[in-house]
Amino acid sequence: MPSVLGLLEAREKRVREEITRLWEEAERVQAALSEAECVFQRLLDARATVAKVLAVPHSVAAEPVSDAVAGAVVPRRTGDMDSSVLAPHYQQILAVLESEAGREGMRCQQLAVALGLQAVPAKMEGLGRRRSAWWNEGGPAFPKSARAGAI
């Protein structure tokens, strides 16, 4: 028959192990709670930022930028606009299309070579997209050689 002290020691050992396990679990839950609170605070900050941005009058927020910036979208055509308002890569395309070789019409591959680009499909697609964006915005002084089908 087991002794009473032996039974108490065994029970005490199991309870200590349970306490250790529960403390470890509490630490894990506390860390998860802390992380969730950080995420929640970031969401609240994002909501406040979006609310501030949306509070700006639309006329100010939607005002187009007319300066030539690399990678910028084609500005909307107004009056007697010239090519200086275009981003540099569009100015290069226009210069090639206005040259003697470009007046007869060019395919994308010819245009890429004239611009010093590799004549690979990725470059052809990029040139085609630029031409389309430019044409859709009524590109300023768009030469006849660059109109639909030529590129």
Side-chain angles (χ1 to χ4, degrees), residues 1-79 81-97 102 106-142 146-151:
M1 172 170 237
S3 72
V4 173
L5 287 177
L7 291 172
L8 285 173
E9 286 175 2
R11 174 82 173 142
E12 185 180 319
K13 181 181 176 186
R14 285 193 308 269
V15 171
R16 273 195 199 124
E17 291 171 353
E18 179 71 10
I19 288 172
T20 302
R21 186 188 65 75
L22 289 172
W23 272 111
E24 290 170 355
E25 179 72 13
E27 289 171 1
R28 185 192 66 74
V29 168
Q30 184 64 35
L33 177 62
S34 179
E35 177 64 27
E37 287 175 337
C38 287
V39 169
F40 182 68
Q41 186 60 48
R42 285 193 302 264
L43 289 171
L44 289 176
D45 293 344
R47 179 194 294 244
T49 301
V50 168
K52 285 179 185 176
V53 169
L54 293 177
V56 174
H58 291 292
S59 61
V60 174
E63 188 174 308
V65 177
S66 63
D67 295 335
V69 178
V73 296
V74 178
R76 294 223 178 260
R77 186 174 185 175
T78 59
M81 177 183 280
D82 66 356
S83 64
S84 66
V85 300
L86 296 172
H89 59 273
Y90 284 106
Q91 291 177 14
Q92 292 170 346
I93 293 170
L94 185 59
V96 168
L97 293 173
M106 296 182 114
R107 296 202 144 308
C108 278
Q109 187 172 15
Q110 295 167 320
L111 181 59
V113 170
L115 290 169
L117 302 172
Q118 295 177 353
V120 295
K123 299 296 181 186
M124 303 306 108
E125 291 171 14
L127 287 171
R129 280 194 302 273
R130 286 185 192 140
R131 180 199 51 87
S132 295
W134 195 4
W135 182 252
N136 291 337
E137 292 299 328
F142 212 109
R147 299 205 177 169
I151 297 182

Does a side-chain heavy-atom distance below 4.5 Å link T20 with E24?
-> yes
Answer yes when R21 and E18 have at least one side-chain N-carboxylate O distance shorter than 4.0 Å, and no when they do not.
-> yes
If you measure from CG on L8 to CZ on R11, what distance do you get to the nearest 0.5 Å?
-> 10.0 Å
With a 4.5 Å heavy-atom cut-off, do V39 and R42 have their side chains touching?
-> yes
Check the pair R14, E17 against salt bridge (Lys or Arg N to Asp or Glu O under 4.0 Å), reporting the backbone distance first and the verdict last.
-> CA-CA 5 Å; R14 285 193 308 269; E17 291 171 353; over 6 Å; no
Going from CD1 on I19 to CD on E12, what distance comes out if it is rounded to the nearest 0.5 angstrom?
-> 9.5 Å
